[in-house]
Structure formats: structure tokens, C-alpha cells
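In what follows, a single structure is set out as C-alpha cells and then discussed.
We count ligands from 1, going down the list as the structure has it; atoms in each ligand are counted the same way.
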Amino acid sequence: MLLGSLDPYSVANGYDLPDAVRIGDDVLSRSDIVGAATSVAERIARADRVAVLARPTATTVLAIVGCLIAGVTVVPVPPDSGASELEHILRDSGAQAWLGEAPTGSSLPVVPVRVHARSWHVYPEPAPDSVAFVLYTSGTTGPPKGVLLSRRAIAAGLDALIQAWSWTAKDVLVHGLPLFHVHGLILGVLGPLRVGSPLIHTGTPTPKAYAEAAGTLYFGVPTVWSRIADDPAAASALRDARLLVSGSAPLPVPVFERLRELTGHAPVERYGMSETMITLSTRADGERRPGWVGTPVAGVETRLRDENGSAVPKDGESIGGLQIRGPMLFDGYLGRREATVESWTEDGWFKTGDVAAIDADDFHRIVGRESTDLIKSGGYRIGAGEVETALLGHPAVAEVAVVGLDDADLGQRVVAYVVLRESVSERALIDFVATGLSVHKRPREIRVRESLPRNAMGKVQKKLLD
Ligand code: MCA
Ligand code: AMP
């Protein structure tokens, strides 16, 4: 079973857990989840694909578990999605209805989630190859693409982490990450439901909430860890934890060191992508090396290739494009055959787009991305192209170039260089992106210029922007 701890027979026979999931003001026992999610499953069993507005609530958890019970594909939608991003996700995914809450103005039907409804019908486990999620993720250009993740991939990806992190039912997982990405949703909600360990979702990932939760296993993106490292009282409250895990973006070495000092724990760093789940990690019982993301998890193989496709030695120094094979990889981009084919080599390796070095012990260091047009800000992946297209839709903007600049808090911050046709405030342009795409993709800064540096072909030379 994908969610082993929710086996209805065991739950009925004494394997209940009163606080299986705490989220917002709600506490769900294992039998609450099985009963209410099965009732959701009954309501949507005949649908193929539904959208869930993925706020961190009990409703979202029950909607998603209900779909997994019924074998219905879920499209988790960022709750801060703006109008054009929302329209794109709904059209591209072919979602037939909203399950649970719907954003205002949406024309799709809404199927309610009733937190107190119960059903004890037992569904057969859906086929392992069926698509559990379509997760939308940004590319360098164009609107986000739908990553198809099967149940088989999710099970393999979670089992590899359960092993790497010695994750057991005795753990209490704490995090406050969004529920529309692999990190917060698949690792952070399905993980504990597979293992049988309680989850405390803190709503937002603040140092105070992490300190108060008293868990054993903590997940965070580097921005979350860096804020905790800046709050010694909160950090020292994590001393009793078993494992602090960082991922989704590079954990700066000074943050690693400061966390070790304040919490007594060297954080476990792991590397992944929406397309691959988590493929590299340091281990609960192994070396944790600042600046390095560890070794391949169970079932994963990696290699480095240069621009000509030739092998790059694993000497810890030489860098190359990181390519990956493993059982937790996605099944392609929804409706994008060409993009899917392009992301694989002819001999069957997935091209991550990241540049890495690998040492003789198979330890991996992520050096950066091949394209500067994919920005990581606060752990969110943001395509420069989609922000540029959004800004060009504003009547005052004549030209634009979007880049990710180093930021002590967010890792990178989205900065838009613009040439204007008419005067407009910085705030108006930022809000224009926040309401069209989504709040977390908004530029944090707008820099107005007379012109943008271009080469002879007319292409903006982003390296010359200042
Ligand atoms: C600000 N706000 C606005 C605007 N400006 N609202 C409307 N219009 C505006 N112009 C509001 C926001 O709605 C929000 O309100 C508040 O201001 C703060 O927002 P923001 O500044 O964006 O928050 P932040 O402090 O910058 O967020 C930092 C964060 C966040 C909490 C670390 O970036 C985060 O949750 N990151 C996690 C990303 C993640 O999980 N990535 C995983 C993908 P309010 O607070 O009321 O809502 S990677 C993955 O899955 C792979 C597999 C992997 O490796 O893990
Ligand atoms: P996403 O699809 O949003 O999960 O973003 C995946 C990208 O996040 C990867 O291709 C990397 O560029 C980056 N990433 C994830 N984890 C790490 C990490 N531990 N260190 C460096 N980069 C990371």
C-alpha cells in the first residue's frame, strides 16, 4: 500500500493513532483520516483528475488521501496562484473539478470535502503505474509544465529516504512547507503516512513554530534553516531532535556550521527535483559534509557529462552536467512529448540541468544550474521566462530581463530589469506579477534602465546587467 499506515484493516484492529496529523487547528487521528478520506474517495471515484487548492489544511490532506484511495489523479494548485497561472494549470491539466475549496471565480464544479463524514468502504489498491500527481513546475521559458508522478515512483522515492534517514514510526515529523511540491506534500505528508509517524504541520515554517513543535525529524528549505540559525533561542530548542533535513536549494556552508553549533546537529542535506523526487542524500548514520549533498539513495545511479556528452571523471573537482537514473523518476511532462524526449539522453539518463562534481566516495556537490534562467528563491523554482512574459503584458513595460541575484535570506531573489514606455511604480509592477502568476514568483526588486545590453543578434546579455 502506498500509504501503509492507513490500511483500513489495521486501523480498525487497534492501530489507530490519535494525532496522526496536526495541521492548523485540526488534529486528525489515523481513523479520522481513513474514514473521511474514504468518504472523499466515494464522491470522486468516477473522476480521472481533480484540482486541489493546496492550502495547509486538514481539507487538503483529506482531499489528497481520498484521491490516492480512489486512484484519482491530483493536481495540487498553489493557493497563491494568480489568474493566468491558474487558468494555465486548469486548462493544461484537464482537471474536471475542484476538490475541497475553489478559488473565487472559477467555473469548474466543486466537490466538497466533509471533514466529519465517514465511510469504511475498502478500495482495492490502484495500479502502481497510475499517475498520482501532476505537479506544475517552471522551465527556463514558457508556462509551467505538468510533471507526471506515478504511485510506483512515489513509493520508491519514499522508501529510499526512509532507509537513508532511518525514518521510523517513532519519529515525529515537523515542517511548515507548502503542500503543492514534492518537498512539503510528498515527503512531508505522504512520507509520514507511509511510515506511520505523526506529522505536525506548522502552517508556515517560522523558527518559533519549529521550536515549539518538539518533533524528532525536521524538514526545511535553506531559507527556513537560515532564519532558524539567526534565532539562537529557537535553534537551541531543536537540540532534542534526531535529524534536521535541508533541501530544495543549496544550504550555505555558514548556515550549516551555525546550525551545528546552535542545535548540536549537523544537518542532513539532500538533493532532488520535482521530476526525480530525492535522489542524493547524506545519511542518518553517515558523514555529513557542508556544501555536499551526499551519495545516491537506494536504486539511484548518477553520472557527469560534458557539453559533448563525454564522461567527466569522478575526482571531486571536475564538473559536468548531472544525469540520473532511478525508480523514483517521473513519467514525462503532461502533453509535452518534445520536452520530455529532450530531457533524456538517448541511452536513458535524465538530464537534471544541474552542474555537479562527484568524488571518489560518490559524494556529490551541486555547483549550480546549466541555465541561469531557472531561479531558486526561498526553495521555489521560478522561470525567468515566465516572469518576463508576465511583465511584458503590462502596458508600461517595453523591454525586460529577469535574473536571480544572490540573496542572504532567499538564496536568490528575483530582480527584473525593465525599460519603460511610461512611468509606473515598482510596487505596481511587482503586484502585477503577483496577481498574474503567483505571489512567490513576484520580483523582489525592479531596476529601471534606459536600455538593456544586447548582442549583435539582439539577445539580452544578462551577464552585463548591473
Ligand atoms: C507579499 N505578499 C504579497 C505580496 N507581497 N501578497 C500579495 N501581493 C504581493 N505583492 C504576502 C504573501 O502573500 C505572504 O502572506 C507574505 O507577504 C510573505 O510572503 P513571502 O515574502 O513570499 O514569504 P517569504 O518570507 O519570502 O517566504 C519564505 C519561505 C517560502 C517561507 C521560505 O519561500 C517557502 O515556503 N518556501 C518553500 C518552497 C518549497 O517548498 N519548495 C519546494 C520545491 P502570508 O504570509 O499571509 O501568506 S523543491 C522540491 O519539491 C524538490 C523535490 C526538493 O528538492 O525539495
Ligand atoms: P524543484 O523542481 O522545484 O524541486 O527544483 C529542483 C532544483 O532545485 C534542482 O534542479 C536544483 O537546482 C535545486 N536543488 C534541490 N535541492 C538542492 C540542494 N540540496 N542543493 C542544491 N540545489 C538543490
Side-chain angles (χ1 to χ4, degrees), residues 54-56 76 78-82 133 135-139 144-145 147 149 157 161 175-188 202-207 209-210 219-228 245-252 256 267-282 291-294 321-322 324 328 330 343 350-356 364-371 374-383 404 407 409-414 426-444:
R55 285 190 211 287
D80 67 349
S81 290
F133 293 100
L135 293 180
Y136 277 83
T137 192
S138 300
K145 298 192 283 285
V147 167
L149 274 186
L161 296 179
H175 74 89
L177 298 169
L179 300 190
F180 48 88
H181 281 309
V182 164
H183 197 165
L185 173 61
I186 298 185
L187 274 49
T202 59
T204 49
T206 59
Y210 275 39
F219 291 171
V221 297
T223 300
V224 169
W225 290 121
S226 133
R227 291 177 185 181
I228 290 173
V245 183
S246 178
S248 304
L251 182 69
F256 180 108
V268 159
E269 217 189 329
R270 96 295 180 286
Y271 159 90
M273 294 182 74
S274 305
E275 289 89 337
T276 67
M277 297 204 30
I278 308 310
T279 48
L280 300 167
S281 184
T282 53
W292 295 71
V293 295
L322 178 65
I324 286 183
M328 60 289 282
F330 72 139
S343 62
F350 177 71
K351 297 186 268 183
T352 63
D354 288 306
V355 178
H364 290 57
R365 182 164 61 88
I366 306 297
V367 177
R369 292 220 41 107
E370 279 166 2
S371 168
L374 260 195
I375 299 165
K376 265 271 156 163
S377 186
Y380 285 118
R381 173 165 151 187
I382 301 166
D407 186 275
D409 180 43
L410 297 170
Q412 287 185 302
R413 69 178 182 284
V414 176
E426 179 179 30
R427 171 78 9 226
L429 290 182
I430 292 173
D431 288 348
F432 187 72
V433 177
T435 50
L437 296 181
S438 53
V439 172
H440 64 264
K441 291 182 180 169
R442 70 192 188 277
R444 304 293 171 126

(message) Below a 4.0 angstrom heavy-atom separation, can you tell me which part of Lys376, side chain or backbone, both or neither, approaches ligand 2?
(response) side chain
(request) Return a yes/no value: protein heavy atom under 4.0 Å from atom 21 (O) of ligand 1? (result) yes
(message) Starting from atom 16 (N) of ligand 2, what is the nearest protein heavy atom, named by residue and atom, and what distance separates them?
(response) Ser248 N, 3.2 Å
(request) Please tell me if the side chains of Val182 and Val147 come closer than 4.5 Å, counting only heavy atoms from C-beta onward. (result) no
(message) Between ligand 1 and Ser274, is the shortest N or O to N or O distance under 3.5 Å?
(response) no
(request) Please confirm whether Ser377 comes within less than 3.5 Å of ligand 1 when only nitrogen or oxygen atoms on both sides are compared. (result) no
(request) Starting at OG1 of Thr282, measure out to NE2 of His364 and round the result to the nearest 0.5 Å. (result) 13.0 Å
(request) Considering only non-hydrogen protein atoms, determine which one is nearest to atom 1 (C) of ligand 1 and report residue, atom name and distance to 0.1 Å. (result) Arg442 NH2, 3.3 Å
(request) Quick one: look up the protein heavy atom nearest atom 37 (C) of ligand 1 and list residue, atom name and how far away it is. (result) Gly378 O, 3.3 Å
(message) With the threshold set strictly below 4.0 angstrom, can you tell me whether any protein non-hydrogen atom sits that near atom 33 (O) of ligand 1?
(response) yes
(message) Test your reading of the model: is there a side-chain donor-acceptor pair from Tyr271 to the backbone of Trp292, 3.5 Å cut-off?
(response) no
(request) Would you mind telling me if ligand 2 is within reach of the side chain of Pro250, the backbone, both or neither, using heavy atoms under 4.0 Å? (result) both
(request) Would you mind listing which atoms of ligand 2 come within a distance below 4.0 Å of any non-hydrogen atom of Thr137? (result) 2 (O)
(request) Run down the list Arg270, Arg369, Arg381, Glu370 and name the one with the heavy atom closest to atom 19 (N) of ligand 2. (result) Arg270
(message) If I apply the N/O under 3.5 Å rule, does Met277 come out as touching ligand 1?
(response) no
(message) Just so I know, are the side chains of Ser343 and Phe330 near enough to count as touching, which here means a heavy-atom distance under 4.5 Å?
(response) yes
(message) Please tell me if atom 6 (N) of ligand 1 is touched by the protein, where touching means a protein heavy-atom distance below 4.0 Å.
(response) yes
(request) Closest by any non-hydrogen atom to atom 31 (C) of ligand 1: pick that one out of Gly184, Pro205, Ser246, Gly157. (result) Pro205
(message) As an exercise, state the distance from CE of Met328 to CG of Leu161, rounded to the nearest 0.5 Å.
(response) 7.0 Å
(message) Would you compute the distance between atom CD1 of Ile324 and atom CG of Asp354 and round it to the nearest 0.5 angstrom?
(response) 8.0 Å
(request) Taking all non-hydrogen atoms of both residues into account, name the closest pair between Leu251 and Ser246 and its distance. (result) CD1-OG, 3.6 Å
(request) Looking only at protein heavy atoms, identify the closest one to atom 8 (N) of ligand 1 and say how far it is in Å. (result) Ala434 CB, 3.7 Å
(message) Below 4.0 angstrom, counting only protein heavy atoms, does anything approach atom 45 (O) of ligand 1?
(response) no
(message) For the backbone of Val439 and the side chain of Arg442, can you confirm whether one donor and one acceptor N or O come within less than 3.5 Å of each other?
(response) yes
(message) Evaluate His181 for polar contact with ligand 1, using N/O atom pairs at a separation under 3.5 Å.
(response) no
(message) Residue-level breakdown please: for His440 versus ligand 1, do any non-hydrogen atoms fall below 4.0 Å on the side chain, on the backbone, on both, or on neither?
(response) neither
(message) To the nearest 0.5 Å, what is the distance between CD1 on Ile382 and CG on Leu437?
(response) 9.5 Å
(message) Does ligand 2 come near enough to Ser246 that some N or O of the ligand is less than 3.5 Å from an N or O of the residue?
(response) no
(message) Please work out, at 4.0 Å between heavy atoms, whether the side chain, the backbone, both, or neither of Glu275 comes within that distance of ligand 1.
(response) neither
(request) Just go through Gly176, Ser226, Pro178, Ser248 and tell me whose heavy atom is the nearest to atom 49 (C) of ligand 1. (result) Ser248
(request) For the pair Trp225 (side chain) and Val245 (backbone), establish whether a donor and an acceptor sit closer than 3.5 Å, ignoring hydrogens and angles. (result) yes
(message) Between ligand 2 and Val293, can you find any atom pair, the residue atom being a heavy atom, that is separated by under 4.0 Å?
(response) yes
(request) Give a yes/no on ligand 1: does His175 have at least one heavy atom closer than 4.0 angstrom to it? (result) no
(request) Provide, to 0.1 Å, the distance between atom 41 (N) of ligand 1 and the closest protein heavy atom, together with that atom's residue and name. (result) Gly379 O, 3.0 Å
(message) Can a donor-acceptor pair be found, under 3.5 Å and without considering hydrogens, that links the side chain of Thr223 to the backbone of Asp409?
(response) yes
(message) For atom 24 (P) of ligand 1, what's the nearest protein heavy-atom neighbour? Residue, atom name and distance, please.
(response) Arg227 NH2, 3.8 Å
(message) Side chains of Pro222 and Pro252, heavy atoms from C-beta outward: is any pair under 4.5 Å?
(response) yes
(message) Counting non-hydrogen protein atoms only, what is the nearest one to atom 23 (O) of ligand 1? Give residue, atom name and distance.
(response) Arg444 NH2, 4.7 Å
(message) So if I count the atoms of ligand 2 from 1 in the order they appear, which ones are less than 4.0 Å from some heavy atom of Glu269?
(response) 18 (C), 19 (N), 20 (N)
(message) Any heavy-atom pair between the side chains of Leu187 and Arg270 that's under 4.5 Å?
(response) yes
(message) Is atom 16 (C) of ligand 1 near the protein, in the sense that some protein heavy atom lies at less than 4.0 Å from it?
(response) no
(request) Look at ligand 1 and say whether Arg381 reaches it with a heavy atom at a distance under 4.0 Å. (result) no
(message) Counting non-hydrogen protein atoms only, what is the nearest one to atom 11 (C) of ligand 1? Give residue, atom name and distance.
(response) Val439 CG1, 4.3 Å
(request) Quick one: sort the Phe180 and His440 rings into parallel, tilted or perpendicular, breaks at 30° and 60°. (result) parallel
(message) Return the closest protein heavy atom for atom 11 (C) of ligand 2 as residue, atom name and distance.
(response) Asp354 OD2, 3.3 Å
(message) Going by the closest heavy atom to atom 54 (O) of ligand 1, which one wins out of Arg427, Lys376, Arg270, His183?
(response) Arg270
(message) Measuring only between side-chain heavy atoms, which start at C-beta, is Ser438 closer than 4.5 Å to Tyr380?
(response) no
(message) As a test of the contact definition, would atom 29 (C) of ligand 1 count as having a protein heavy-atom neighbour under 4.0 Å?
(response) no
(request) Return yes if some donor-acceptor pair links the side-chain N/O of Ser377 with the main-chain N/O of Val414 below 3.5 Å, else return no. (result) no
(request) Return the set of residues passing salt bridge (charged side-chain N to carboxylate O under 4.0 Å, His left out) with Asp80 (not counting sequence neighbours), or none when no residue passes. (result) none
(message) Could you identify the single nearest non-hydrogen protein atom to atom 17 (C) of ligand 2 and state the distance to 0.1 Å?
(response) Ala249 N, 3.5 Å
(message) I'd like the name of whichever of Gly291, Pro222, Gly272 reaches closest to atom 6 (C) of ligand 2 through any heavy atom.
(response) Gly272
(request) Report the part of Val182 (side chain from C-beta onward, or backbone N, CA, C, O) that has a heavy atom under 4.0 Å from ligand 1; answer both or neither where that applies. (result) both
(request) Can you pull out the closest protein heavy atom to atom 10 (N) of ligand 1? Residue, atom name and distance to 0.1 Å, please. (result) Asp431 OD1, 2.7 Å
(message) Considering both backbone and side-chain atoms of Thr223, is one of its nitrogen or oxygen atoms within less than 3.5 Å of a nitrogen or oxygen in ligand 1?
(response) no
(request) Have a look at ligand 1 and work out which part of Arg55, if any, has a heavy atom under 4.0 Å from it: side chain, backbone, both or neither. (result) neither
(request) Measure from the side-chain N and O atoms of Lys376 to the backbone N and O of Gln412, and report whether any donor-acceptor pair falls under 3.5 Å. (result) no
(request) With heavy atoms of Ser274 as the reference, note each atom of ligand 2 found under 4.0 Å away. (result) 1 (P), 2 (O), 3 (O), 4 (O)
(message) Under 4.0 Å, heavy-atom basis, I'd like to know which part of Asp409 is in contact with ligand 1: side chain, backbone, both or neither.
(response) neither
(message) Are Arg444 and Asp407 packed together at the side-chain level, in the sense that at least one heavy-atom pair is separated by less than 4.5 angstrom?
(response) no
(message) Under 4.0 Å from a heavy atom of Met273: which atoms of ligand 1 are those, numbered in the order shown and with their elements?
(response) 52 (C)
